[in-house]
Engineer: 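My questions will all concern the structure given below.
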2 protein chains.
Amino acid sequence: MISGKFAITTHILTLLSKFPNDYLSSEYIAGSINLNPVLVRKEISNLKKNHIVESKEGKNGGTRLLKPASEITLHDIFKMTFDTVSLGYAKNQPNPDCPVGKRINENLDFLYLDINEKINAQLSTITLEDFSNQF
Amino acid sequence: MISGKFAITTHILTLLSKFPNDYLSSEYIAGSINLNPVLVRKEISNLKKNHIVESKEGKNGGTRLLKPASEITLHDIFKMTFDTVSLGYAKNQPNPDCPVGKRINENLDFLYLDINEKINAQLSTITLEDFSNQF
DNA sequence: TAAATTTGTAACATATTTTATTACAGTATG
DNA sequence: CATACTGTAATAAAATATGTTACAAATTTA
């Protein structure tokens with residue numbers, strides 16, 4: 001769910017990195033993304049599951065980073081928000097009686113695996129700090 | 001339209017490459033992909049626009065490659081079927097009054113551009129012949 | 001300790017995108 | 001001239017993504 005997950009999560013983390021000592025509310029964050037606060041909280045829930053942020057409930061509550069932005073890479077964000085990059089598959093199972101249909105997905109898999117390795121290598125070199133410093 | 005475009009088009013071209021002298025019907029191709037023939041014809045329409053295949057109407061008609069599989073790269077297919085690879089954007093326009101919201105998409109663009117360069121470089125090295133020989 | 005504010009989450013609604021179907025005109029073949 | 005194709009438009013259905021409402025639970029602060 002949420003196909004803008006990576007972008008939204010990166011946006012959230014960029015904001016948090018700008019105020020590393022403050023608890024930012026989902027409503028404040030939602031205001032920057034222009035997104036429903038509930039969806040922000042869903043992404044934060046995912047971030048918490050991955051020990052990237054912590055939240056405080058109640059009045060003056062909110063969310064903040066659990067570790068320095070220099071120790072979070074875009075690859076970490078990617079892993080939390082994306083399965084893999086893929087150029088897609090046909091929706092239905094191809095005909096197993098056709099030599100091409102039988103193995104097309106397998107061969108696409110190999111290709112997409114290669115692509116993902118390249119992307120992962122690239123994203124691993126960029127920290128949240130790097131990304132955030134662009135703003 | 002059609003998010004499995006790349007996979008479907010690659011499947012079509014792989015089939016055509018296996019029978020470079022025959023006109024294959026959209027129904028035959030659809031049978032291998034397990035896809036509606038109309039959608040196959042739509043993708044073929046795109047391939048024709050790009051001068052990769054030619055079609056013959058009427059009885060015993062169909063589609064065949066216009067050039068050898070060794071002269072078509074996966075990057076060619078990619079260009080015809082994909083805009084760019086992206087890890088997504090938030091759906092709504094971010095808050096322009098927030099320094100992060102104001103420039104998040106621009107900065108994601110840079111990142112996605114880099115990713116696409118890598119993917120393009122990789123796909124350019126693989127011909128349809130290479131891909132087809134895996135089967 | 002009560003009011004206010006915030007998270008957490010479920011349930012549901014809407015919007016968007018993708019895929020499928022139907023229909024039929026046009027074209028070539030035999 | 002019957003048959004088997006392509007080409008394409010219009011529409012329907014299915015899948016996915018996003019948005020909304022509602023409310024319990026937690027925490028702060030007055």
Side-chain angles (χ1 to χ4, degrees), chain A residues 1-9 11-12 15-16 19 22-31 33-50 52-66 81-83 86-95, chain B residues 1-9 11-12 15-16 19 22-50 52-66 81-83 86-94:
Chain A
M1 262 151 277
I2 304 181
S3 133
K5 266 168 104 71
F6 175 82
I8 290 165
T9 297
H11 193 145
I12 292 170
L15 287 172
L16 295 181
F19 306 96
D22 298 341
Y23 288 94
L24 303 188
S25 75
S26 62
E27 184 136 356
Y28 173 82
I29 295 169
I33 306 178
N34 189 11
L35 186 72
N36 192 291
V38 173
L39 299 179
V40 171
R41 298 206 284 272
K42 273 186 186 161
E43 290 315 304
I44 285 173
S45 166
N46 188 31
L47 283 165
K48 276 192 306 194
K49 207 169 62 198
N50 287 278
I52 305 294
V53 304
E54 63 178 351
S55 293
K56 201 171 66 170
E57 297 188 15
K59 191 168 179 184
N60 299 332
T63 301
R64 69 175 180 185
L65 290 179
L66 257 183
T81 58
F82 238 93
D83 262 1
S86 134
L87 307 185
Y89 298 91
K91 185 186 148 209
N92 303 322
Q93 176 167 34
N95 187 339
Chain B
M1 260 153 277
I2 304 181
S3 134
K5 267 167 104 69
F6 174 83
I8 289 164
T9 297
H11 193 145
I12 292 170
L15 287 172
L16 296 180
F19 306 96
D22 298 341
Y23 288 94
L24 302 190
S25 75
S26 62
E27 184 139 353
Y28 173 80
I29 295 169
S32 171
I33 306 178
N34 189 11
L35 186 71
N36 193 291
V38 172
L39 299 180
V40 171
R41 299 207 282 273
K42 271 187 188 158
E43 289 316 302
I44 284 172
S45 165
N46 188 32
L47 284 165
K48 277 193 305 196
K49 207 170 65 199
N50 287 279
I52 305 293
V53 304
E54 63 179 351
S55 293
K56 202 171 68 170
E57 296 189 14
K59 189 168 178 181
N60 297 332
T63 301
R64 69 175 180 185
L65 289 179
L66 258 182
T81 57
F82 238 92
D83 264 358
S86 134
L87 307 186
Y89 298 91
K91 185 185 149 210
N92 303 322
Q93 177 167 33

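Residue numbering restarts at 1 for every chain, and letters A, B, ... go by the order of the sequence lines. Fair warning: this is a prediction, and the values are worked out from it, not measured in the lab. Quick note: numbers below take in every heavy atom, side chains included, and nothing from hydrogens, waters or symmetry partners.
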Engineer: Atom CG of B/Asn36 and atom P of D/dT11: how far apart are they, to the nearest Å?
Structural biologist: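 Atom CG in B/Asn36 sits about 17 Å away from atom P in D/dT11.
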Engineer: Check B/Asn34 against A/Pro94 and note the closest heavy-atom contact, atom names and distance.
Structural biologist: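 Looking at all heavy atoms of both residues, the closest pair is CB-CA, 4.3 Å.
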Engineer: In sequence, state the C-alpha distance, the side-chain angles, and the governing distance for A/Leu47 and A/Ile12, and then conclude on side chain to side chain contact (heavy atoms under 4.5 Å, CB included).
Structural biologist: CA-CA 10 Å; A/Leu47 283 165; A/Ile12 292 170; 4.1 Å; yes
Engineer: Looking only at heavy atoms, which two atoms of B/Ala7 and A/Ala90 are closest? And how far apart?
Structural biologist: CB-N, 3.8 Å
Engineer: From B/Asn36 CG over to B/Glu27 CD, what is the distance, rounded to the nearest 0.5 angstrom?
Structural biologist: 9.5 Å
Engineer: Given atom CG of A/Leu16 and atom P of C/dT7, what is their separation to the nearest angstrom?
Structural biologist: 11 Å
Engineer: Please state whether the phosphate of C/dA20, meaning OP1 or OP2, lies under 4.0 angstrom from any side-chain nitrogen or oxygen of A/Asn92.
Structural biologist: yes
Engineer: If the cut-off is 4.0 Å, is B/Ser26 near the phosphate of D/dT6, judged by side-chain N/O to OP1 or OP2?
Structural biologist: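 Yes, such a contact exists.
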Engineer: Of the candidate nucleotides D/dG19, C/dT21, D/dC5, which contains the atom at the shortest distance from the side chain of B/Val38?
Structural biologist: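 Looking only at side-chain atoms, B/Val38 lies closest to C/dT21.
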Engineer: Taking only the side-chain heavy atoms of A/Glu57 (C-beta and beyond), determine which of D/dT6, D/dT27, D/dA22 contains the nearest atom.
Structural biologist: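 The answer is D/dT27.
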Engineer: Quick check on DNA chain D: between B/Tyr89 and B/Glu27, whose nearest nucleotide comes earlier from the 5' end?
Structural biologist: B/Glu27
Engineer: In whole angstroms, how far is the C1' atom of C/dT9 from the NZ atom of A/Lys42?
Structural biologist: 8 Å
Engineer: Side chain to side chain contact (heavy atoms under 4.5 Å, CB included) with B/Ile44: which of B/Leu16, B/Ile52, B/Thr9, B/Ile29?
Structural biologist: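 So, applying the side chain to side chain contact (heavy atoms under 4.5 Å, CB included) to B/Ile44 and each of B/Leu16, B/Ile52, B/Thr9, B/Ile29, only B/Ile29 qualifies.
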Engineer: Which part of the nucleic acid does B/Asn60 contact within heavy-atom distance under 4.0 Å: base, sugar-phosphate only, or nothing?
Structural biologist: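 Counting heavy atoms under 4.0 Å across all strands, the contact made by B/Asn60 is with sugar-phosphate only.
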Engineer: When the distance from CZ of B/Phe82 to P of C/dT18 is rounded to whole Å, what number comes out?
Structural biologist: 10 Å
Engineer: Find which nucleotide of DNA chain D each of B/Gly58 and B/Ala90 is nearest to by heavy atoms, and output the residue with the more 5' nucleotide.
Structural biologist: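 Residue closer to the 5' terminus by nearest nucleotide: B/Gly58.
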Engineer: In whole Å, I'd like the distance from the NZ atom of B/Lys59 to the P atom of C/dT27.
Structural biologist: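 These atoms are roughly 18 Å apart.
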Engineer: From the options C/dT19, D/dG19, C/dT6, select the nucleotide whose nearest atom is closest to the side chain of A/Ser25.
Structural biologist: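 Selected nucleotide: C/dT6.
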Engineer: Among the candidates C/dA20, C/dT7, D/dG19, find the nucleotide nearest to the side-chain atoms of A/Lys91.
Structural biologist: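 That would be C/dA20.
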Engineer: Check the distance between C/dA20's C1' and B/Leu35's CG and give it to me in whole angstrom.
Structural biologist: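 So the two atoms are 9 Å apart, to the nearest Å.
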Engineer: Could you tell me the separation between the NZ atom of A/Lys56 and the P atom of D/dT29, rounded to a whole number of Å?
Structural biologist: 8 Å
Engineer: Write down the distance between OH (B/Tyr23) and P (D/dA4), rounded to a whole number of angstrom.
Structural biologist: 20 Å
